[in-house]
Student: 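Pasting in a structure now, in structure tokens, and then I'll have a few things to ask.
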Amino acid sequence: MNPPFDTRSSLILRLPDKRDVEAWDQFVAIYEPLVYRLARAKGFQDADAREIVQEVMVAVSQAVERWEPDSERGRFRDWLFCIARNFMINYLTRRKYRSFGGGGSSMDELLEQQPAPDTNESAEFDLEYRREIFRLAAEQVRDQVNADTWQAFWRTSVEDESVEAVAEQLGMTPGMVYTARSRVRARLRNEVQRFQQQD
Amino acid sequence: MGNKLKHAADSELNRLLFGDDQAGHSETIAHVESCKTCRARLDALSGSAAFDTETRNMLAGFFDGRSAGDVQTKSPIEAAAVDCLSPPRHPEMLGRLGRYEIERVIGSGGMGVVFKAFDTELNRPVAIKMLAQHLSFSGAARQRFGREAKAAAAVVHEHVVAIHNVETEGDTPFLVMSYVAGESLQARVDRAGGLDTKEVLRIGIQVAAGLQAAHDQGVVHRDIKPGNILLEQGVERALVTDFGLAQTVDDASLTQTGIVTGTPHYMSPEQAIGKPTDPRSDLFSLGSVLYFMATGRPPFRADKAMGVLNRICHEPHTPVWQDHPEVPDELSDVIDRLLEKKANHRFRSARETQHTLQKSLANLQHPRRSQQIAKRFVRRHRRSLRVASTAAGICLLSVAAVFFWPTAQPAVEQPQPVNQLSAASEPKQFSIETWQQASPAESQRWANSIEQLQHGLQRVEPSSAFDSPATPGWDTQLEQLHQQINQFQSGASAH
């Protein structure tokens with residue numbers, strides 16, 4: 001999915017630290033599919049879901065304007081993911097009751113509010129967020145390993161096939177399947193942890 | 001296995017895991033294949049069991065991890081199973097397996113195919129469960145199958161489907177079970193909806209008894225669900241079947257990967273997060289099955305398996321009585337107890353569950369416990385009772401006030417009360433005004449009436465249950481009236 005708007009270049013001016021720009025890129029990589037999926041899960045059509053993605057991205061990027069660089073580095077990432085989470089939870093809660101017109105002050109309001117703790121929305125959001133991190137991590141790992149290694153992992157770990165059956169079908173020894181699975185799993189775990197440490 | 005190398009060093013395992021490729025590690029790989037200890041170490045180095053479970057839950061269905069060409073459907077498994085039968089002696093039959101004439105396929109699952117067959121030596125119908133052919137080449141699956149059969153065969157009980165014979169030597173391992181004519185509990189509820197309470201209790205008692213028999217043999221079923229409970233035609237007997245995932249308690253082998261097994265809707269929280277299970281896990285599943293029988297739906301529902309598991313682990317179920325007031329509290333409470341997230345809050349054993357269900361059934365069949373019924377009535381109708389009792393109290397007071405009004409009037413010697421209130425608009429104000437104008441004798445009669453009212457209401461409901469400052473219960477309200485009368489009486493005597 002292409003970014004539906006071009007905030008990146010203006011953000012690069014706003015955020016002189018390279019790490020902050022990376023944080024933004026990662027935020028977009030995680031949130032775009034996440035918001036889209038949440039919107040579809042709430043019953044929105046494809047076009048409407050895309051619009052919601054755009055709305056959220058614009059709102060958060062506008063909020064970035066208000067961010068004051070601090071003496072402590074690395075805080076932009078925490079701040080960004082925190083307001084984005086609050087925003088999404090409030091947004092989802094609000095969507096239930098009335099349609100969202102978009103636009104200035106109410107968006108700001110939503111950004112400023114703390115989310116209500118322990119709502120269904122926050123649980124749902126956190127679960128979907130975690131799922132998104134797993135998906136991104138899995139995509140990255142899949143690109144790093146060869147096809148058979150990935151198959152060995154996917155079919156034994158995710159689809160619960162027996163090591164022996166997979167070994168036979170892939171023309172590997174069970175030991176190779178076992179090793180392949182562990183190799184993918186170790187990388188996946190590291191990737192998930194890497195994403196997690198950053199928010 | 002010929003590979004008797006010493007265990008691989010941690011550094012070697014780490015190279016194996018994080019090196020650029022697997023090449024050049026063939027010795028270690030061969031060793032890992034045959035050495036359980038090193039497999040476990042490799043597992044531990046690459047991630048915890050909990051991580052595996054989460055991976056599975058998070059990634060299942062996300063993208064097509066496998067190429068589209070090799071998707072397996074059920075029919076090839078069935079076809080393969082039929083292929084390994086000998087030709088039938090009778091044209092109506094599907095094939096032959098030793099002394100068994102195979103009639104038809106009853107069902108097929110992850111591990112194999114189930115046939116209806118006829119035992120030509122003992123002249124009786126049987127059900128034959130055959131290990132899927134693609135698994136029968138694998139040592140682990142054969143082992144698992146043999147273990148399953150052995151565990152299940154050790155359990156002999158009128159509410160457990162009996163295992164007659166186990167064949168693991170030939171090309172196609174299979175086990176022979178009693179054939180149960182009838183339908184599964186799942187099919188029954190799908191067809192007829194939720195069952196009535198007596199039926200729920202009756203089936204629950206039988207399943208609990210069957211489970212206890214299995215637990216006595218050290219067998220945890222691990223997959224108690226409506227599809228695994230058969231209802232025998234005519235005799236109305238429930239039988240637990242398919243120990244497909246049953247595992248002897250002391251056997252830790254295949255669960256070490258932490259992969260979630262079983263049907264998500266009836267899983268226990270400990271199963272859902274891949275923790276070791278004990279007999280109390282089956283009790284949770286039994287609770288879900290009872291819930292399903294009583295309401296027609298499992299207690300934890302969501303669109304996706306992950307959602308179901310999440311609910312099982314973290315969210316309370318809606319007690320049965322809330323949506324189904326016709327279900328007695330006793331049953332609803334038993335289900336609540338079985339569905340406790342923490343295993344040590346559940347019943348201690350299937351036997352204890354069975355006894356509790358039996359007591360409930362006895363109470364239901366001899367409904368002499370009017371007290372319990374009254375209690376239930378009050379609990380179910382708290383709100384309406386409160387409204388009704390308050391309204392009844394006010395009506396009685398108002399009627400009494402009107403009745404006493406003419407006689408009270410001439411007895412009044414004191415000056416008119418300053419706060420003239422419009423009498424009819426507000427019953428409470430009306431009655432206060434009335435007392436203020438009543439003689440001491442009248443107000444004494446008033447006090448007596450209120451006391452009687454109090455006694456009467458006490459029988460209907462214990463008011464303290466829903467007394468709150470915002471909406472005081474009837475007894476608080478009456479107490480206030482009492483005080484006001486007393487104040488008035490002392491005020492009147494002071495005049």
Side-chain angles (χ1 to χ4, degrees), chain A residues 37 41 118 120 123-124 126-139 141-142 144-170 172-190 192-193, chain B residues 3 13-14 16-22 25-26 28-35 38-39 42-48 51-52 54-67 70 72 110 132 134-135 137-142 144 254 257 259-261 303-304 306-307 310 314-315:
Chain A
R37 215 145 32 77
D118 294 324
N120 278 344
E124 189 187 350
D126 289 344
L127 182 66
E128 287 303 321
Y129 182 79
R130 183 104 180 123
R131 206 189 284 277
E132 196 56 51
I133 283 182
F134 261 84
R135 194 182 64 81
L136 278 174
E139 274 175 356
V141 173
R142 190 171 53 167
Q144 290 166 17
V145 299
N146 72 42
D148 280 353
T149 302
W150 178 259
Q151 287 277 311
F153 158 77
W154 184 266
R155 291 170 60 170
T156 56
S157 254
V158 179
E159 296 189 345
D160 200 12
E161 282 189 59
S162 78
V163 168
E164 285 76 10
V166 174
E168 202 196 326
Q169 285 173 24
L170 294 178
M172 297 162 97
T173 66
M176 285 161 79
V177 171
Y178 216 92
T179 308
R181 174 168 92 184
S182 297
R183 280 166 63 85
V184 172
R185 179 212 233 177
R187 282 168 174 72
L188 185 65
R189 182 193 59 182
N190 287 352
V192 168
Q193 270 170 0
Chain B
N3 209 318
L13 290 180
N14 269 320
L16 186 60
L17 282 177
F18 294 103
D20 285 339
D21 57 39
Q22 292 176 226
H25 297 279
S26 50
T28 317
I29 291 171
H31 175 70
V32 161
E33 186 175 338
S34 62
C35 173
C38 285
R39 272 210 306 271
L42 198 61
D43 275 349
L45 283 171
S46 62
S48 65
F51 181 74
D52 258 350
E54 195 183 15
T55 301
R56 198 174 144 80
N57 290 337
M58 290 293 164
L59 292 179
F62 224 125
F63 33 61
D64 191 13
R66 32 199 299 186
S67 53
D70 56 2
Q72 282 178 339
H134 66 277
L135 293 178
F137 297 116
S138 125
R142 257 174 197 262
R144 186 167 176 168
L254 284 157
T257 51
I259 287 168
V260 174
T261 49
D303 288 342
K304 290 178 188 152
M306 181 57 204
N310 193 40
H314 304 298
E315 287 178 27

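The figures here come from the full heavy-atom set of this structure, side chains too, leaving out hydrogens, waters and symmetry mates. Here the structure is a predicted model, which is why all the values come from computation and not from measurement. Naming: A, B, ... by sequence-line order, numbering from 1 per chain.
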Student: Is there a side-chain contact between B/Glu33 and A/Tyr178 (heavy atoms, below 4.5 Å)?
Tutor: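 No. Closest side-chain heavy atoms not under 4.5 Å.
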Student: May I ask you to decide whether A/Glu159 forms a salt bridge with B/Arg56, counting only side-chain N to carboxylate O separations under 4.0 Å?
Tutor: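 Answer for the salt bridge query: no.
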Student: If we only count heavy atoms from C-beta on, is the B/Met58 to A/Arg135 side-chain gap below 4.5 Å?
Tutor: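 Of all side-chain heavy-atom pairs linking A/Arg135 with B/Met58, none is under 4.5 Å.
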Student: Tell me, please, whether B/Phe51 has A/Arg185 positioned over its six-membered ring: NZ or CZ under 6.0 Å from the ring centre and within 45 degrees of its axis?
Tutor: no
Student: Can you tell me how far CG of B/Asp52 sits from CZ of A/Arg181, rounded to the nearest 0.5 angstrom?
Tutor: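 A/Arg181 atom CZ to B/Asp52 atom CG measures 6.5 Å (nearest 0.5 Å).
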Student: Minimum heavy-atom separation for A/Ser182 to B/Asp43, with atom names?
Tutor: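 The answer is OG-OD1, 4.0 Å.
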Student: Is there a side-chain contact between B/Thr55 and A/Val192 (heavy atoms, below 4.5 Å)?
Tutor: no
Student: Is chain B contacted by the side chain of A/Asn146, its backbone, both, or neither, given a heavy-atom distance below 4.5 Å?
Tutor: neither
Student: Is the closest side-chain heavy-atom distance between B/Phe18 and A/Asn190 below 4.5 Å?
Tutor: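 B/Phe18 reaches A/Asn190 side chain to side chain.
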Student: Under a 4.5 Å heavy-atom cut-off, does chain A meet the side chain of B/Leu13, its backbone, both or neither?
Tutor: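 B/Leu13 has no heavy atom closer than 4.5 Å to chain A.
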Student: How many angstroms lie between atom OG of B/Ser46 and atom CZ of A/Arg183, to the nearest 0.5 angstrom?
Tutor: 11.5 Å
Student: Going through the distances and angles, do B/Thr28 and A/Thr179 end up as a side chain to side chain contact (heavy atoms under 4.5 Å, CB included)?
Tutor: CA-CA 9 Å; B/Thr28 317; A/Thr179 308; over 6 Å; no
